[in-house]
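Encoded as structure tokens, the structure appears first; notes follow it.
Computed from a predicted model, the values in this text were never measured in an experiment. Order of listing sets the numbers, starting from 1, for every ligand and every atom in it.
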Amino acid sequence: MNAEVGDDVFGQDPTVNQLEAKMAAMFGHEAALYCPSGTMTNQIAIKAQTQPLDEILCDELSHIYRYELGGYGFHSGVAIHVMRGNRGIINEEMVNQGVKPKADWNPRSRMLIIENSVNMGGGNYYSFDQIQSLVKTARNHGLITHLDGARLFNVLAETGDSTLDYGKQFNSISICLSKGLGAPVGSVLISSAETIDYARRVRKVMGGGMRQAGYLAAAGIYALDNNIKRLKEDHDRARRSAQKLQSVSWVEEVFPVHTNIVIFQVAAPYSAARVADFLSQHNIKCLPISDKLIRWVFHLDVTEEMMDSILELPDQLS
Ligand SMILES: *Cc1c(COP(=O)(O)O)cnc(C)c1O
């Protein structure tokens, strides 16, 4: 709250400018744009880098396909090719199959979108080799690349890969400060100066130009400086929780845990809603993501004491 602020609609908020410069430098790109949400950074990335009648390609579980209301059609007038990856992980063959031949009746395949980590895959992720190979395939087809890196720092905490290496692979990158990094609000779009120049105008027309946003941006800077290094704690808690879940009668299957997300299937005859209700009686909040699946996400507000509520859960539903 002590941040120096100004009017970011005029580009005059020093703290917002500092956050944008910091993130651009981190990924070796020219510029960045602070936005209210990750949905907005993704949608702006599509709008700023495609034309109507183009097509974007992504996995069927991706946030851009599932949870952004078909915004690619609404804002950008583009088609979508959805690939059926392995828990959200796509491969070169799928891209080769997905790219459409040039014809008047086909949309122009234009942008490959990779989500890393994969939210609905259970926080699983691509190795950097896989990323490089996919991007090479995309570029061979003349596609540009966008990374939905809402949770990229959770990946980097596990792999040790560098932001600069990631920066080279993508035309644009979206990072959420408000997920595991713990800032109250905000996401950042990172790209070339030319793309961000236009992206600023798109942000404005979406109503995302903010005035004294430096208070929020300061929290983002704090998150980058202080909260990246603790992400492994969340991963450790996710793993320990998964072990516990494997031992109770009301869980059928726990997806493999790779980062800070645990997805599990409840055992018959229970529904996810029934189990969520039981969990809330034990002070554990969660999100049923289907009739049978529940998702837990670990973040910096989950303390070791709260872990006890998980580790002491009874074997039988009550
Ligand atoms: C959370 C998330 C987003 C953006 O979400 P907002 O709620 O709009 O900030 C985008 N992609 C992925 C993979 C996410 O997990």
Side-chain angles (χ1 to χ4, degrees), residues 19 23 32-48 56-72 74-76 80 82-83 85 87-90 111-126 131 134 145-158 166 170 172-191 199 202-203 206-208 210 213 216-217 219-220 223-224 227 231 234-235 238 255 257-263 286-287 289 293-301:
L19 171 65
M23 294 220 71
L33 186 69
Y34 183 55
C35 292
S37 72
T39 300
M40 193 184 281
T41 50
N42 280 336
Q43 290 301 317
I44 293 176
I46 297 167
K47 179 69 186 166
I56 59 174
L57 296 87
C58 64
D59 179 79
E60 63 173 350
L61 296 181
S62 62
H63 195 277
I64 282 175
Y65 177 54
R66 288 209 173 189
Y67 305 111
E68 301 186 9
L69 300 89
Y72 51 88
F74 185 75
H75 296 299
S76 304
I80 193 162
V82 177
M83 294 170 279
R87 284 193 170 148
I89 304 281
I90 54 172
M111 177 189 269
L112 177 68
I113 293 164
I114 298 175
E115 185 175 306
N116 206 21
S117 65
V118 188
N119 182 8
M120 284 301 148
N124 51 341
Y125 56 84
Y126 294 83
I131 295 277
L134 272 172
T145 54
H146 173 69
L147 173 66
D148 182 352
R151 304 169 195 275
L152 180 67
F153 282 101
N154 291 94
V155 177
L156 302 185
E158 288 297 317
Y166 260 87
F170 293 96
S172 57
I173 297 175
S174 165
I175 300 282
C176 287
L177 301 166
S178 61
K179 302 281 175 75
L181 291 182
V185 174
S187 290
V188 178
L189 178 66
I190 301 153
S191 191
V202 179
R203 183 184 67 175
M206 288 179 173
M210 295 186 283
L216 299 173
L224 293 170
N227 294 345
L231 288 172
D234 298 336
H235 302 180
F255 283 23
V257 173
H258 303 272
T259 51
N260 65 328
I261 297 177
V262 179
I263 296 181
C286 65
L287 186 65
I289 54 173
L293 296 177
I294 289 181
R295 186 185 71 147
W296 283 353
V297 181
F298 289 80
H299 52 81
L300 79 177
D301 296 322

Could you state the interatomic distance from [atom1] ([X]) to [atom2] ([Y]), rounded to the nearest 0.5 Å?
X      : Y      : atom1 : atom2 : result
Ser187 : Met40  : OG    : CE    : 10.0 Å
Leu300 : Leu231 : CG    : CG    : 9.0 Å
Ser62  : Asn116 : OG    : CG    : 12.5 Å

**Item:** Under the salt bridge (charged side-chain N to carboxylate O under 4.0 Å, His left out) test, residues paired with Asp148 that sit two or more places apart
**Value:** none
Could you list, one pair per line, each nitrogen or oxygen of ligand 1 together with any protein nitrogen or oxygen closer than 3.5 Å, giving atom names and the distance rounded to 0.1 Å?
unit_1   : atom_1 : unit_2 : atom_2 : d
ligand 1 : 8 (O)  : Gly38  : N      : 3.4
ligand 1 : 8 (O)  : Thr39  : N      : 2.8
ligand 1 : 8 (O)  : Thr39  : OG1    : 2.6
ligand 1 : 9 (O)  : Gly38  : N      : 2.8
ligand 1 : 11 (N) : Asp148 : OD1    : 3.1
ligand 1 : 11 (N) : Asp148 : OD2    : 2.7
ligand 1 : 15 (O) : Asn119 : ND2    : 3.4
ligand 1 : 15 (O) : Arg151 : NE     : 3.3
ligand 1 : 15 (O) : Arg151 : NH2    : 3.3
ligand 1 : 15 (O) : Lys179 : NZ     : 3.0

**Main-chain N/O of Asn260 paired to Asp234 side chain as donor or acceptor, under 3.5 Å** =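 Checked: no pair found.
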**Asked** Is the Tyr166 ring parallel, tilted or perpendicular to the Phe170 ring (thresholds 30°, 60°)?
**Response** parallel
